[in-house]
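Presented below is the structure to which this report refers.
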Amino acid sequence: MGNQNPSFILESKGKVKFEDRPVPEIKDQDPHDVIVEVKFTGICGSDIHYWQEGHIGHYIVEAPMVLGHESAGVVHSVGSAVTTVKPGDEVAMEPGIPCRRCVRCKEGRYNLCPDMAFAATPPIDGTLARYYTLPEDFCYKLPSHVSLEEGALVEPASVAVHVCRQGDIKPGDSVVVFGAGPVGLLCCSVAKAWGATKVIAVDINDERLEFAKKYAATAVFRSQKESAKDSAKRLLSETNLGGGADVIIDASGAEICIQTSIHALRTGGTYVQAGMGKDEIVWPISAMGTKELNVKGSFRYSEGDYRLAVELISTGRISVKELITGKVKFEEAEQAFHDVKAAKGIKTLIMGPTA
Amino acid sequence: MHNASCVLYGPGSIQFEDREIPQLCDEHDIIVRIAYVGVCGSDVHFWKHGGIRTMVDPQKGIIMGHEACGIVHSKGKAVKSVELGDHVAIEPGIPCRRCKNCKDGQYNLCKAVKFAAAPPDSHGTLTKFFRIPEDFVYRIPPDIPLEEIVIVEPLSVAVHAVRLVDIRPGETVVVMGSGTIGLLCGAVAKAFGASQIILVDIIDRKLEFAEQFLPCQTFKPLSNASPEENAAALNKAFGIDDGVDVVIEASGAATSIQTGIHVLKSGGKYVQTGLGKPNVEVPILTLSEKELLVRGCFRYGSGDFELAASMLVKRQLDFKSLISSISTFEHVVDAWEKTARGEGVKNLIKVQD
């Protein structure tokens, strides 16, 4: 019979396998824990990166690690101190557990905890398994009309919520989002939900722009081979942004987009770095300085982001169903990874292992 | 007794008992040998009335005290920031770390917080040995006399108030109430760059002490004048045109609160750190028309103890002069009664060597 917790594992760079791991149990000293039976897991660029490169920055895959972190599932069992969820509840899973004791945690920025244990960031196992253990306060009950598939989109939606909160997007703002991948699209959707009057999606890919226009953008802009300054000038004129946008989010990580953003912001505007690309780039520092821009990083999500993402989805203020372009069986996980790497579709979900 | 503890059973009723010596419960815990405990107005309230919102359980009793310092006696495996024998200040409220308030950076507002000397069973620091997690103790270098370390707790209250009201360099600050907290708020306001600090009280002796302890000016309101009149008189006395930038209300008295609202300039900032009656009359129209920013203030949160500890270590002020008396553990009631009579600024209890 074996352990009965089939898991999808990255053995080492480029090599994945299935393995049956032990079924987790609630420990006496962790009465706040919940064990979730994972039903859907989305694939993220970071999963692909670990698979292809074996590392992201100084996080190196040194031992086999379960992949996956964008998940939703059904509560299987709960510890003795758990009061907010019970077995059978459908939940979105926030996959990063901070230490709760350090200065970052206690000042309300647990996403910056240096001892964060994040699913599928080495050496912490991810969620592509039958079962996953989480503390109660990192499980978010899904309202009955929100499907588990949508539940798996709560994670990237929370990233977008966090980005938009960093950008302090408010009613009346004009917002540009560079990169129309899942995070960029979700940023457009959240910005719109929060009252931005102009939400402009930028990409090099026409298909993605078409989708963005139907999905959440008020206008789109097609990047071309030109200087950042020229691109910014053209963007402002083609989309009637006047002296510049209030907020620009980069969800591409591409150097030229980042540079264009700085030139396309109005004086006093805000820039948020959501995308991850090269470690170092050439930065238009005088424009940033003389325009007195607010420049912010954005990393994962912190208190309130998941809850807000669930609420936005639940009330229909953002919609995530359209982003799900593929659903595959657990056994087909490797093929799904290849497809995502080949940029097929927007968000592919891997189903949990069946009985 | 191995762990003699001062237990309150009701108003005016205490017993010294040998309570269980606390054990390390997890790898982050520390056991502190308590050295000194300070007396706060809330202790006096407990002594006189048996509690504030929640009364002491007469069956269980509650170990008193929350302003404490001591020496690290033992520590869990994961503790790195202190060594055995280190002198530490204690932050006496342990939050749950899991609720929204905790995770949102406002752990002082945690509803499940275990605060020292809070009935029914969150026991206090008037005991020989006290257990506390590592992140709630603050190492103080050995050259600072142990008794002064007690000041870090009330100083953290002052730091919290000043940070909430966001004092900026160059601002004019009025502190209503020249008790321990008012004096410490004045000290922190100075550290945050306030260019003019005015302490207000109705007792001459307190104002005289303030002038010695702080770089400040003082003002005594007239008892037969209205809050508006007193506010106008204060601004006139110091040549302040529109009103002051900041008011820290550290008395809780109704007339003082009202005077605070009136003495502010338009767009001024106010923080309520003093505790008095639960409901008072507030000049709400004035508050509105002047578009004042008014904030509540409760205990201390992220970063406050660190800053207070660094102020103590840097010897920014003669904190020692705030310590008016030290009673022995057996004579704890003397310390409470002195404070009740308004004698001294900070009265201490020496728990053990």
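Lettering of chains follows the sequences in order, A, B, ..., and the numbering in each one begins at 1.
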Ordered numerically, the heavy-atom neighbours of chain B under 4.5 Å found in residues 93-102 of chain A are A/Arg100, A/Arg101
Item to complete: For A/Asp28, look at atom CG and say whether over 12 heavy atoms of other residues, nucleotides or ligands are found less than 6.0 Å away.
Response: no
Looking only at A/Gln29, A/Arg109, A/Glu107, most heavy-atom pairs under 4.5 Å shared with chain B are made by A/Glu107
CZ (B/Arg98) and OG1 (A/Thr84) are apart, to the nearest 0.5 Å, by 11.0 Å
**Prompt:** Taking everything shown except A/Phe118 itself, do over 12 heavy atoms lie less than 6.0 Å from its CZ?
**Reply:** yes
In B/Lys103, B/Lys100, B/Arg97, the residue satisfying side-chain hydrogen bond (donor to acceptor under 3.5 Å, both in side chains) with A/Asp137 is B/Lys103
Answer yes or no: are there more than 12 heavy-atom neighbours, outside A/Glu25 itself, under 6.0 Å from its atom CD? no
Applying a strict 4.5 Å limit to non-hydrogen atoms, the region of B/Asp26 in contact with chain A is side chain
Query raised in the report: How about B/Arg168: does its CZ atom have over 12 heavy atoms from other parts shown lying under 6.0 Å from it?
Result: no
I'd like to know whether CG of B/Leu275 has more than 12 heavy-atom contacts from other residues, nucleotides or ligands below 6.0 angstrom.
no
By residue number, those in residues 291-315 of chain A with heavy atoms under 4.5 Å from heavy atoms of chain B are A/Glu303, A/Arg307
